[in-house]
Each structure stands twice: as structure tokens, then as C-alpha cells.
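To keep things clear, I will list the structure first and then write my remarks on it.
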Protein chains: 2
Amino acid sequence: MDPVNSRTTSPSTILLDDLLGYALRRAQLKAFQCVVEAFEPYDLRPAQFSALAILEQNPGIMQADLAKALAIEPPQAVVLVNKLEQRNLALRIRSQTDRRSYGLYLSRQGEKLLNELKEIAQRCDLETTAALSDCEREELLRLLKKLCLS
Amino acid sequence: MDPVNSRTTSPSTILLDDLLGYALRRAQLKAFQCVVEAFEPYDLRPAQFSALAILEQNPGIMQADLAKALAIEPPQAVVLVNKLEQRNLALRIRSQTDRRSYGLYLSRQGEKLLNELKEIAQRCDLETTAALSDCEREELLRLLKKLCLS
DNA sequence: TATTGTTATACTCTATAACTATA
DNA sequence: TATAGTTATAGAGTATAACAATA
């Protein structure tokens, strides 16, 4: 049988390019590539940046809750926070009331670095969405945030 | 406090939730989770589904070009195509003109499965974007595709 | 007995260098 | 010499079970 001519049925009308999941994947890959490269001089991964930002907005957060916020498992959070602590970007402070847990805090150095990284991340957003107008960029963000609510 | 200036001035007010890269990441994770679960009974990963769809649209494509289309490295394409071939979803046919390369084709079984999977992927799109109206869903897809052009 | 954080482990994904067979 | 595909390998990312300290 000739594999080239073996197709007698017409291809379905659904194309890969019309699937939202596929488009999301491609767009996210592009955005990630930009951020990973831009953070490389700082030897920092996107998840570590997100962790710093979450610590800033939630000073004293427990590791388990940080893991939830990052959508990672507690064991991954251990490794991540270890690295931030070793680089003096974050602090673990034992809770007085429940001595099993820590409160996590940004260090001064962590705060300073975070503000630098946030500017870089914003520039990456612009670079990634260079094909969009300001209006479209805002609409895209609005739709993505709305999508994540449900 | 001036309500206008309070949200337009200080750069330290950049929040994680206002970064497009972060929103893209979260949305893509949600979409991926849905697809991975839905494909689980078929023992198939999203990249394998994409490969089948690319083979359908590009019968006879070389492995190197498939790798480029999937944004993966050639060694990953080897493993991926091996699995598709072992499961009789795809065929490798040696090129007559250049006996180093193959043409890749969907098998009948691969075509059949692909059409099933495309319907599932479409249902996942709807589930992932359940918070959006039809109009918003279309606009999101348009913006994501436009973003990927540049 | 349950929970927080931790260790160990394994499986996937990704990236690179080096090999083979053809050209 | 260069190219298509392959092998081997190592590094991330991810997920689970099991353990220690504490509640």
C-alpha cells in the first residue's frame, strides 16, 4: 500500500493552529525564552523570581502556602527556598507559635534584586508582545487573567 | 492619597499578576493540565498529539523539520517518532533520493486516533476557557496567534 | 494522630556532544 | 566535508513515598 495515497478520508477541518491550548503553549514558550535569557546574568529562574514577588506581597508566608501559590509541590519549594536563602535573597524565620513552620521574608538584597527583575520582566513582556498594540496587550492580559479565575 | 497617581507612579507597584509572562504561564499550565488528563487514557502526551497533527498537515515531512515545527531538538524527535511508530500511528519511509532521511506519514490508525484527539483537545479548550464568552475566546486566540508571528 | 518541612527517588523534558551512514 | 538521524548523557522540572520534629 502506498502510504502517500492511502488517505481516502479528507483531513478534519480542525487545525492545530486553531487550538487555544496549542497557541497558549507557543506563546508561553516565547515569553519564557525571553525571561530565561534576560534572567541568566542573575543566575535566576522564572520560578525563583515569582517566589520573590510572592514573598514581597505576602511577608511571613509559610513554605506550604508558597508552594501552593507557585503551583509546585512542597519538596520543590524546599530546594527553591534553600537557594534563595543561600544567596541572601530570602530569610526563614521559625514561627514562635508553631515551631514546625517558618515565616518567609525578603531580605533587603532580595527586595533590591526583585525591583530590578520586575523591570526586566516588564521589558520582556513588551518584547514578547511586540506584534500587539498597547490596547491589544492590555486586552490579552485581561483575558488571560479572566481565564485563570475559573 | 490621589487615586489617579496612586496607581500610575511608583515602579515598585508592579505586581506579579500584571505581568503577561506570568499570566501566560498560569493559563498555559491550566490548559496543559486539562489536555494531559484527557489524553491519559490514550497514553499520549501533548507533544505526540501535535506531532500527529503536523504529520497530517505535512505528509512526508523529514524528522529534522518535524523537530523544528515542534520546537524540540532532533534527539527528542527520535524518541517521539519511535513511540508513534511502535504504536503504528506513524510510518518512517526511507527517501529514495537521499537514503539518510525519512519521510514521515500518519498511518490509518494514526489518522483515526488524531481525529478523536482533536475533538478532545477542542473540548479542553472550552473547559479551560469556560470563564470567557465565545467572542472573548476567539479574541484570545487571535491575539495569541498574532503574538507568535513576530 | 495530623501537619510542616525534609530527604530520597523516579520519571519526564530538555540540551549537548559524539557517533553512523549516507551525501 | 557536510548532513540526517541516532545514541548517550546530564541537567532541569515534576511527582510521590517516607521520615523527623512538632502539634
Side-chain angles (χ1 to χ4, degrees), chain A residues 25-26 28-37 39-40 42-51 55 58 60-86 90-105, chain B residues 21-22 25-26 28-37 39-40 42-51 55 58 60-86 90-105:
Chain A
R25 173 67 175 161
R26 290 176 62 91
Q28 189 269 329
L29 267 180
K30 186 179 178 184
F32 230 61
Q33 256 180 322
C34 185
V35 171
V36 166
E37 277 173 34
F39 284 179
E40 214 160 272
Y42 299 87
D43 190 28
L44 226 87
R45 301 289 304 175
Q48 296 175 305
F49 163 69
S50 298
L55 258 52
N58 305 275
I61 191 175
M62 290 197 329
Q63 239 177 243
D65 291 332
L66 174 65
K68 251 180 228 160
L70 287 170
I72 64 178
E73 297 299 315
Q76 299 174 59
V78 174
V79 182
L80 192 152
V81 174
N82 281 349
K83 281 185 188 148
L84 297 181
E85 202 184 26
Q86 281 155 23
L91 308 167
R92 277 193 252 235
I93 312 253
R94 273 277 178 214
S95 164
Q96 299 296 340
T97 55
D98 183 345
R99 289 167 44 71
R100 289 172 302 183
S101 68
Y102 304 116
L104 300 176
Y105 300 89
Chain B
Y22 185 70
R25 173 68 175 159
R26 290 177 62 92
Q28 188 269 328
L29 268 180
K30 186 180 178 184
F32 231 60
Q33 257 179 322
C34 185
V35 172
V36 166
E37 278 173 35
F39 284 179
E40 214 160 273
Y42 300 87
D43 190 27
L44 226 87
R45 302 287 306 175
Q48 297 176 305
F49 163 69
S50 298
L55 257 51
N58 305 275
I61 191 174
M62 291 198 326
Q63 239 176 245
D65 292 332
L66 174 64
K68 251 180 227 161
L70 287 170
I72 64 178
E73 297 300 315
Q76 299 173 58
V78 174
V79 182
L80 193 153
V81 174
N82 280 348
K83 281 186 189 145
L84 297 181
E85 201 183 27
Q86 281 155 24
L91 308 167
R92 278 193 252 236
I93 312 259
R94 274 278 178 213
S95 164
Q96 299 296 339
T97 57
D98 183 345
R99 289 167 45 72
R100 290 171 303 182
S101 69
Y102 304 115
L104 300 177
Y105 301 89

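Side chains are part of it too, since the values below use all heavy atoms of this structure and drop only hydrogens, waters and symmetry mates. Please read these numbers as outputs of a predicted model, since none were measured by experiment. Chain identifiers are assigned alphabetically (A, B, ...) following the order of the sequence lines, protein sequences preceding nucleic acid strands; residue numbering begins at 1 within each chain.
If you check distances only, the side chain of Arg99(B) never reaches the base of dT22(C) with a donor-acceptor pair under 3.5 Å.
Along DNA chain C, the nucleotide closest to Ser101(A) and the one closest to Val79(A) are compared, and the more 5′ of them pairs with Ser101(A). Of the two residues near DNA chain C, Asp65(A) and Gln76(B), the one whose nearest nucleotide lies more 5' is Asp65(A). Closest-nucleotide positions on DNA chain D for Ala71(A) and Arg100(A) were compared, and the one nearer the 5' end corresponds to Ala71(A).
Here Glu73(B) lies in heavy-atom contact (under 4.0 Å) with a base. Across all strands, Arg92(A) comes closer than 4.0 Å only to sugar-phosphate atoms, never to a base (heavy-atom distances).
In this structure, the side chain of Arg94(A) engages the main chain of Arg100(A) through a donor-acceptor pair within 3.5 Å.
Checking dA23(C), dG5(D), dT7(D) against the side-chain heavy atoms of Tyr102(B) singles out dG5(D) as nearest. The side chain of Val78(A) lies closest to dT7(C), out of dG5(D), dA15(D), dT7(C). Listed candidates were dA12(D), dA23(C), dT6(D). Nearest to the side chain of Arg45(A) is dA12(D).
A distance of 9.5 Å separates CG of Leu70(A) from CZ of Arg26(B), quoted to the nearest 0.5 Å.
For Arg92(A), the CZ atom counts as densely surrounded, since its 6.0 Å shell holds more than 12 non-hydrogen atoms of other residues, nucleotides or ligands.
The two atoms that bring Val35(B) and Pro46(B) nearest to each other are CG1-CG, 4.2 Å, heavy atoms only.
The interatomic distance linking Asp43(B) (CG) with dT12(C) (P) rounds to 9 Å, in whole Å.
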